[in-house]
Number of protein chains: 4
Amino acid sequence: MPKISEQQKEAVRVEILNAAREVFIEKGFEAASMKEIVGRSGKSFGGVYMYYSNKEGVFLDLLRRQYVGMSQDVALPNPKSGWDTFRLFLQDQERRVKEAGNGLSPSMYEYFIVGRRDSIRRKWNEERRQAVFYSILGLIHDGVKKGEFNPSIPVDTIIHFLISFLEGIFLESIITGPEGIGIGNQFVLLEDMSRSILMPLNKEESK
Amino acid sequence: MPKISEQQKEAVRVEILNAAREVFIEKGFEAASMKEIVGRSGKSFGGVYMYYSNKEGVFLDLLRRQYVGMSQDVALPNPKSGWDTFRLFLQDQERRVKEAGNGLSPSMYEYFIVGRRDSIRRKWNEERRQAVFYSILGLIHDGVKKGEFNPSIPVDTIIHFLISFLEGIFLESIITGPEGIGIGNQFVLLEDMSRSILMPLNKEESK
Amino acid sequence: MPKISEQQKEAVRVEILNAAREVFIEKGFEAASMKEIVGRSGKSFGGVYMYYSNKEGVFLDLLRRQYVGMSQDVALPNPKSGWDTFRLFLQDQERRVKEAGNGLSPSMYEYFIVGRRDSIRRKWNEERRQAVFYSILGLIHDGVKKGEFNPSIPVDTIIHFLISFLEGIFLESIITGPEGIGIGNQFVLLEDMSRSILMPLNKEESK
Amino acid sequence: MPKISEQQKEAVRVEILNAAREVFIEKGFEAASMKEIVGRSGKSFGGVYMYYSNKEGVFLDLLRRQYVGMSQDVALPNPKSGWDTFRLFLQDQERRVKEAGNGLSPSMYEYFIVGRRDSIRRKWNEERRQAVFYSILGLIHDGVKKGEFNPSIPVDTIIHFLISFLEGIFLESIITGPEGIGIGNQFVLLEDMSRSILMPLNKEESK
DNA sequence: CATGAATGAGGATTCATTCAT
DNA sequence: CATGAATGAATCCTCATTCAT
């Protein structure tokens, strides 16, 4: 018979994670200290280590929850047109890009860059990448099924390109700042390109 | 009257930087230790600290020289057509992307991400970004001057977009690895897009 | 009126001790963790601490039971000749020596060595030593009573010597391993010596 | 050009080792803390770690120096009779046994017992054992060469037996204390036995 | 100019024991 | 009686930088 319920455990985890998120956001992964996470969480060292076996464990739970959240957003059934859904996705990304510097993304990039040769970190990154890949794939399939999209080039390439661009503009927003890189204009251009790639028929129709 | 000439000083700096590059590439910025840099350079602590006031100084000199090198490549006068030059630029980038994980880029991203709120690091990043920005701007101006390019959208936006994409694919190559992200295909798509944006008249001419 | 009978209590103790023995054998006394003992016993921290007030308590109960077991073996009435009984004792020791590294002995030696200045541990060691001393004393007295033994030197000295040798060969078996120290030959030599000390008359008789 | 001479380095090492010896003797290997060694040595953490890479390194240097010292004692050329030399060896051991509890031996036994499954520690123990083995072997060979000794049983077995006994009486002296185990009498008995094994001719002569 | 020994605060993590439930 | 979550001091070790020589 557990002494505290799963709900209570979850509540404790959330307390720890909230403290940890603050610290990781302020300091990054490496420079974040367990002492500070422990202090801000109002717990003791032993208390935190009961829930997570090390700093990396705390960080990965934070990442995992973030991506679960994101996937659920996308996974919602949607009655809109394929293109409208795709545009909503882009708008959502634009919004996220603008506040990229204030969230967990910087720590995450640091974590994956520094740990690029560590097999465990690579696996986590792979999962994250797959999640994004399949999210976009779903959007495109949706548009294709609805007869709206007729991609003129392999879908794989389109998605890889989109991911590269999105990762890049995230990174730019983080290190250069959201101002001065014309985020809005970049997304307008991205939308135009996406339209002409996914719906090349429009052009033919306009002939 | 200095006891050793500027040339000798430069030679020492190069020795230090060569050692430092190795260490930064292997360990990243934060995890690189001055002890190892000192050891590999064959110098003493005091010796290294005579030329650079701290680890950051070593790293920044390394970055600076790398970007000076890159800018000079691009700044060479060139007799080719504007589009050919632009394509060469893209090909050069593609090549760099493929070996991004083995160079200084990972350390650099780590450095700028972690230090995104540090004004000194921001300034350095700004310079690096400007260098790339003006390189591309030069390429486009060249094409425009030669009557080949007729950008359909503001040049600023084009460049910001290119930079985002390039930063993104660099990052992907670093953390996910150069295989499995279809670098070649992404660059083909990028070339197509660049052509249709920079030389939209071609389409009309082809009508 | 106790809620659980003494038998039930004993059963719980045995469960705890079985788990504890495993852990102490694997890790030694200091490195053994209560967490692991608790885990393997299938009990809770509170449960274990109800029966033993600390790690030392668990360990000492384990030792105590082991020596009670040993003493009982020896204390059995025996109809054999004094010398045969003595030889059986040596053979039993030889067998134990060969598997010394896999039992509780290493932890025990660790415990008594590290705690050599602790009066409580000294007292326990004294008891253990007395138990062995009187076991051997019994064997010799038996032989003397039966008219077989006629020790040429003080019995005390004989026993101290025997104990030293046995402790030493145990220790050697533990730290150097049972192979390569010629355990069998050592015991043959010990037997020869014992015979010539305990039964010096034989020689004279053989004249 | 080293900043400090090898002699100065050695002096620092000796300072550290003196402090470490005290701490190891008082607390044992595991319980000794680097903090205390650092404190007593009058050095800083970094200072100590410049000379030894970890606690084990300090301890092993201490052991090594002790055994080098012992071997040198024995290695001295000696003009005495073989038996006199052997007796001196036994007397030397007796003296050491009496003060075993106050030296490094307890920590050493702890270290080798706890680490009996660690290949590095085993190797060190093997070396220590070999050193003792060959010391005794030298003594016996000396006596044989001088025509005094004529061992009635294999020399290997004699030495293994001697080592077992010596290890055992050391251990007894440590955990039970030098009083009450009749060290003097044990050594008298050992000497008698050794004589009758190494010089069995005496008996025949006495016939 | 050059050396490299020395500093010491700070890092993550462990674990026997307690006590509110 | 029994639970097991929580405590927090203590562990070893690292490393950028300084400064006496």
Side-chain angles (χ1 to χ4, degrees), chain A residues 1-5 8-9 12 27 30-39 41-58, chain B residues 2-4 8-9 12 27 30-39 42-58, chain C residues 2-4 8-9 12 27 30-39 43-58, chain D residues 1-5 8-9 12 30-39 41-58:
Chain A
M1 225 169 306
K3 206 163 186 178
I4 65 175
S5 70
Q8 283 170 304
K9 275 188 182 175
V12 174
K27 312 277 177 115
E30 208 62 52
S33 82
M34 283 304 275
K35 188 181 176 186
E36 193 149 8
I37 293 173
V38 164
S41 70
K43 303 267 167 299
S44 65
F45 274 95
V48 170
Y49 276 89
M50 276 194 50
Y51 291 87
Y52 297 103
S53 56
N54 50 37
K55 188 166 80 166
E56 195 162 6
V58 180
Chain B
K3 280 192 182 168
I4 64 173
Q8 284 171 306
K9 277 188 179 176
V12 174
K27 314 273 177 128
E30 198 61 37
S33 81
M34 283 302 272
K35 188 182 175 186
E36 193 151 7
I37 293 173
V38 164
K43 301 270 164 299
S44 67
F45 276 93
V48 171
Y49 275 90
M50 279 196 42
Y51 290 87
Y52 298 103
S53 57
N54 50 36
K55 187 164 80 167
E56 194 162 8
V58 180
Chain C
K3 281 193 180 168
I4 63 175
Q8 283 171 308
K9 276 188 181 177
V12 174
K27 313 275 176 125
E30 197 60 36
S33 81
M34 282 303 272
K35 189 183 174 185
E36 193 150 6
I37 293 173
V38 165
K43 302 271 164 297
S44 66
F45 276 93
V48 171
Y49 274 90
M50 278 194 44
Y51 290 86
Y52 296 103
S53 57
N54 50 37
K55 188 164 79 168
E56 195 162 7
V58 180
Chain D
M1 225 168 308
K3 207 163 185 176
I4 64 176
S5 69
Q8 284 170 304
K9 275 188 182 175
V12 175
E30 207 62 53
S33 84
M34 282 304 274
K35 190 181 174 186
E36 192 148 8
I37 293 173
V38 164
S41 70
K43 302 268 168 297
S44 66
F45 272 92
V48 171
Y49 276 90
M50 276 193 50
Y51 291 85
Y52 297 103
S53 55
N54 49 39
K55 189 166 79 170
E56 194 162 7
V58 180

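Residue numbering restarts at 1 for every chain, and letters A, B, ... go by the order of the sequence lines. This one's a predicted model, so the numbers in the text were calculated from it and none came from an experiment.
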Asker: Measure the distance from OH on Y49(C) to C1' on dA6(F) and round it to the nearest whole Å.
Answerer: 14 Å
Asker: Are any of the side-chain heavy atoms of I37(A) and M34(A) separated by less than 4.5 Å?
Answerer: yes
Asker: Could you state the atom-to-atom distance from CD of E30(C) to P of dT14(E) in whole Å?
Answerer: 16 Å
Asker: In whole angstrom, what separates E56(B)'s CD from dC15(F)'s C1'?
Answerer: 16 Å
Asker: Can you tell me the distance, in whole Å, between the CD atom of E36(B) and the P atom of dA16(F)?
Answerer: 10 Å
Asker: Working to the nearest 0.5 Å, report the span between OH of Y51(A) and NZ of K43(A).
Answerer: 8.0 Å
Asker: Looking at dT7(E), dA16(E), dT18(F), which one has an atom nearest to any side-chain atom of F45(B)?
Answerer: dT18(F)
Asker: Between dA16(F), dA6(F), dA2(E), which one does the side chain of M50(B) approach most closely?
Answerer: dA2(E)
Asker: For dA9(E), give the paired nucleotide (Watson-Crick: N1-N3 plus N6-O4 or O6-N4; G-U: N1-O2 and O6-N3; both under 3.5 Å), or none.
Answerer: dT14(F)
Asker: As a test of reading the structure: which of dA12(E), dT18(F), dA16(E) is closest to the side chain of K55(A), going by heavy atoms?
Answerer: dA12(E)
Asker: With a non-hydrogen cut-off below 4.0 angstrom, is A32(B) in contact with a base, only sugar-phosphate, or nothing?
Answerer: sugar-phosphate
Asker: Please name the pair of heavy atoms, one in S44(A) and one in V38(A), separated by the smallest distance, quoted to 0.1 Å.
Answerer: C-CG1, 3.6 Å
Asker: Rounded to whole Å, how long is the line connecting atom OH of Y52(A) with atom P of dA12(E)?
Answerer: 17 Å
Asker: Tell me the closest heavy-atom pair linking E30(B) and K55(B), and the distance in Å.
Answerer: O-NZ, 2.9 Å
Asker: Within this structure, what is the NZ-to-C1' distance between K35(D) and dA9(F), rounded to whole angstrom?
Answerer: 10 Å
Asker: May I ask which nucleotide in the shown strands pairs with dT21(F), Watson-Crick or G-U wobble, both distances under 3.5 Å?
Answerer: dA2(E)
Asker: Find out whether K27(A) and E36(A) are in side-chain contact, i.e. whether some heavy atom of one side chain is under 4.5 Å from a heavy atom of the other.
Answerer: yes
Asker: What nucleotide, of dC12(F), dA5(F), dA16(F), holds the atom closest to the side chain of I4(A)?
Answerer: dA5(F)
Asker: Closest to the S33(D) side chain: dA5(F), dA16(F), dT11(F)?
Answerer: dT11(F)
Asker: Identify, between G46(C) and K43(B), the residue whose nearest nucleotide on DNA chain E lies closer to the 5' end.
Answerer: K43(B)
Asker: Could you state the atom-to-atom distance from CE of M34(D) to P of dT14(F) in whole Å?
Answerer: 10 Å
Asker: Of N54(C) and S44(B), whose closest DNA chain E nucleotide lies nearer the 5' terminus?
Answerer: S44(B)
Asker: Quote, to the nearest angstrom, the C1' distance that separates dC1(E) from dT21(F).
Answerer: 13 Å
Asker: By nearest atom, which of the nucleotides dA2(E), dA6(E), dA5(F) is closest to the Y51(B) side chain?
Answerer: dA2(E)
